[in-house]
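One structure is given below, encoded as structure tokens.
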Amino acid sequence: MSTVVETKEFQTEIRQLLDIVIHSLYTEREIFLRELISNAADAIEKLRYTQLTGPEVKDKDLALEIQIDTDDNAHTLTITDTGIGMTKDELVGNLGTIAHSGSKEFIKHLSAKGDQKDLNLIGQFGVGFYSAFMVADKVTIYTRSYHQEGGSYVWESDGVGSYTITEGEDAVRGTRLVLHLKEDAYDFAKEETVQRVIKQYSSFVPYPILLNSKKVNTVDALWTKNKSEISDDEYNEFYKFIANAHDEPLLRLHFSSDAPLNINSLLFVPKENFEQFGFGRTEPGVNLYCKKVLIQEKSPAVLPEWLRFIRGVMDSEELPLNISRETMQDSALISKLNKVVTTRFLKFLESQATSEPEKYKEFWEKFNLYLKEGAANDYTHQKELVKLLQFESSKTQPGELISLGDYVGRIKEGQEAIYYVNGPSREVIESGPYLEIFRDKELEVIYTYAPIDDYIFGAIREFEGKRLISADEADLNLNDVEQNARNEQAMSEEDVLALTGWLKEVLGSKVTDVRESKRLVDSPAVVLSPYGTNSMQRMMQLVNKDLNNVGPSVLEINAAHPMIKRLETARKTGDDFAKIAAEQIFENAQIAAGLILDPRGMVNRLNEILARALR
Ligand code: ADP
Ligand code: MG
């Protein structure tokens, strides 16, 4: 056996890289293990492929596995695989030179940066092996190629400038890396530490990993398997593992695609919305993988913020070489991934809404605010999101929900708009004056209980060609359904003019207009907001924190209502009480609109009214 020791220089770029790797105080240096395990898994994967396609390999019956051994006394960590191994030429070519321009760019980029070196993605740039020198001051590699005539070699280096290659004793196929740990990295000779790191980064490596002879990676990379091969139990176990959950998920979407991107994705909606419970803002929970190797845990970039409640994994083989953690947010590929998966997930929700309405309802009750957040702010997905919104309406039972699509599906012939009205509850909306005309004309009105709903409707303006109109809009114009003829009971138009003119005087700056209403049936009067809708006005009241100042309204009166007719009589006869009644009618209408009034003035007035009534 020859004992010739050949000493070779590392290529310039590798020397630069090693210099950075050795000297950086990188907090996440444990990722070196992920890199070495992924190299071992790659080597086994290549062997498996060769076995299927090529000539007979050396030691063909060797089990395909990765062994990791810790030696706390010698301070070594050893990683052994039964993969393809390397010939002498391959050792020189693979671990000493880099051909890839992307890797060179990465090294240049790293060298240019100050103290903040992001080595996490070192593996993505085809130079993952060198991360071993973050923790080791000497690396020894024993390797034997799968080629029958390959030979056994020993590669060794301290990572400074050069390495040696020596012919080794005849060994079985594969590669063994021995890391002689630096003093500050002795921890990696401890089984617990290594086990934790393997579990964190390499749980889904598709070959057995034996740590000191015990198998440690028990969780399959489910997302790369065929759906038909996975049981519900397996899915649930996997969910519990990645979401750190104790219960089962509410919904699950497992999908793969090849175009426009290669993606394997497994997403879960949890049973509970923790934000709802006041746990603070939910952090994103989808991990990004490339070929089953973790790239970024809880990646904030792979889904829009409003999907932060989703737990799961995404795996894409196409992550480019020029990506680093800081540019992940800006990467065109990541945003494409984000868009494709988001669109797919929304489609899934849409189909859930029809195929499993009960489940969708449960989902909706817990997570609707997230979808609304998206519908209000995310123009990319607004259209798809609006389809998912659900509401009660004047034609549903309490608790029964419909979508805008359902509304349009049963819209009255000739009706050109979708009507909605905001209020704190079904009871308040239904006892208010705004629905009267719609009830009369049998038009469905959507009930919105959250101010954000009105905000969304204001932003999208229309749905499937129908304008979205608030039922309390000041210039509501029901042109699409025939106008009501003037009620026979109504007082004359002259009287109406006289009364509205007088009301304007009495109410002064509290009104911008007083007019006869075309929308009232049972109520004497209604107020409308000159700013669009009352909900808008209510919001402004809250924003301005000025509860005494509700701002002016438009007052509409019902000319056929007995009370309004008597008011006109009282005005005509010069009765002082007319003024008091007018003010109270106006404030009653404001209360019905949900506006907040200062009750003190009203109490005095009500006392006067009672005194007169009890006379
Ligand atoms: P990458 O894995 O992205 O190619 P690395 O720096 O991690 O970059 O590894 C460089 C090369 O060294 C690999 O492409 C492979 O050819 C070779 N190599 C590394 N580890 C092994 C191993 N355990 N078995 C066989 N070849 C290996
Ligand atoms: Mg690698």
Side-chain angles (χ1 to χ4, degrees), residues 10-11 13-18 20-21 31-51 57-59 62 64-69 77-107 110 119-136 139-147 150-157 159 163 165 168 171-179 201-202 205 207 209 289-295 317-323:
F10 284 117
Q11 199 186 359
E13 284 85 359
I14 296 202
R15 276 214 303 272
Q16 288 172 353
L17 175 66
L18 281 168
I20 295 166
V21 165
I31 57 115
F32 83 90
L33 189 55
R34 169 187 75 181
E35 295 306 326
L36 300 181
I37 290 177
S38 116
N39 282 353
D42 283 350
I44 295 178
E45 182 65 27
K46 284 178 198 157
L47 182 94
R48 203 179 56 89
Y49 184 77
T50 315
Q51 237 171 353
V57 301
K58 187 179 181 327
D59 304 321
L62 220 50
L64 299 182
E65 61 189 22
I66 301 165
Q67 284 174 40
I68 298 180
D69 297 285
L77 176 65
T78 303
I79 299 154
T80 311
D81 68 67
T82 51
I84 50 169
M86 284 176 271
T87 63
K88 186 175 165 192
D89 284 350
E90 284 167 343
L91 268 178
V92 175
N94 296 341
L95 306 178
T97 47
I98 22 175
H100 216 289
S101 61
S103 321
K104 289 188 181 168
E105 280 302 311
F106 170 68
I107 294 167
L110 267 186
L119 290 165
N120 186 36
L121 289 158
I122 192 165
Q124 294 294 299
F125 293 90
V127 287
F129 164 72
Y130 303 97
S131 63
F133 290 97
M134 292 201 281
V135 296
V139 176
T140 313
I141 303 176
Y142 305 85
T143 186
R144 172 63 171 94
S145 166
Y146 74 98
H147 287 293
S152 301
Y153 294 92
V154 183
W155 181 103
E156 192 163 81
S157 177
Y163 59 91
I165 296 185
V172 292
R173 186 197 71 223
T175 303
R176 162 172 305 167
L177 267 78
V178 182
L179 308 190
Y201 293 100
S202 309
V205 167
Y207 297 100
I209 300 176
Y289 288 79
C290 171
K291 293 193 235 168
K292 304 181 195 176
V293 175
L294 182 67
I295 302 304
E317 295 180 1
E318 291 173 55
L319 292 170
L321 290 174
N322 61 351
I323 193 167

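We number each residue from 1, following the sequence as shown. Indexing begins at 1, ligand by ligand and atom by atom, following the structure's order.
Taking only non-hydrogen atoms, the option from Asn94, Leu177, Ile37, Ile14 nearest to atom 11 (C) of ligand 1 is Asn94. The closest non-hydrogen atom to atom 14 (O) of ligand 1, taken over Lys46, Glu90, Glu35, comes from Lys46.
Considering both main-chain and side-chain atoms, Phe129 comes within under 3.5 Å of ligand 1 through a nitrogen or oxygen pair. Taking only nitrogen or oxygen atoms, main chain and side chain alike, Leu95 does not reach within less than 3.5 Å of ligand 1. Considering backbone and side-chain atoms alike, Tyr130 places every N or O at 3.5 Å or more from each N or O of ligand 1. The shortest N or O to N or O distance between Asp42 and ligand 1 is not below 3.5 Å.
Within the 4.5 Å cutoff, no side-chain heavy atoms of Leu47 are placed close to those of Leu62. Proximity of Ile98 to Ile107: side-chain heavy atoms (C-beta onward) are separated by under 4.5 Å at one or more points. Using a 4.5 Å heavy-atom threshold, the side chains of Thr82 and Val172 count as separate. Within the 4.5 Å cutoff, no side-chain heavy atoms of Thr97 are placed close to those of Val92. In this structure, Leu110 and Gln16 have side chains that are not in contact, with every pair of non-hydrogen atoms separated by 4.5 Å or more. The closest side-chain heavy-atom distance from Tyr201 to Leu33 is not below 4.5 Å.
Under a 4.0 angstrom heavy-atom cut-off, Met86 registers as being in contact with ligand 1.
Excluding waters, the set of protein N, O or S atoms lying under 2.8 Å from the Mg ion (ligand 2) comprises Asn39 OD1.
Between the OG atom of Ser157 and the CG atom of Leu18 there is a distance of 7.0 Å, given to the nearest 0.5 Å. Distance check, rounded to the nearest 0.5 Å: CG of Leu95 to CD1 of Ile165 gives 8.5 Å.
Here the rule is side-chain contact (heavy atoms from CB on, under 4.5 Å) with Arg176, and of Asp69, Thr78, Thr143 only Thr78 fits it.
Ring geometry for Trp155 versus Tyr163: interplanar angle under 30°, hence parallel rather than tilted (30 to 60°).
Interface of Val127 with ligand 1, defined as ligand atoms under 4.0 Å from a residue heavy atom, comprises 6 (O), 8 (O).
Only the side chain of Asp81 comes within 4.0 Å of ligand 1, judged by heavy-atom distances. Of all the heavy atoms of Thr175, the ones lying under 4.0 Å from any atom of ligand 1 belong exclusively to the side chain.
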>> Please determine whether side-chain hydrogen bond (donor to acceptor under 3.5 Å, both in side chains) holds for the pair Glu45 and Tyr207, giving the CA-CA distance in whole Å, both sets of side-chain angles, and the decisive distance to 0.1 Å.
In response: CA-CA 9 Å; Glu45 182 65 27; Tyr207 297 100; 2.6 Å; yes

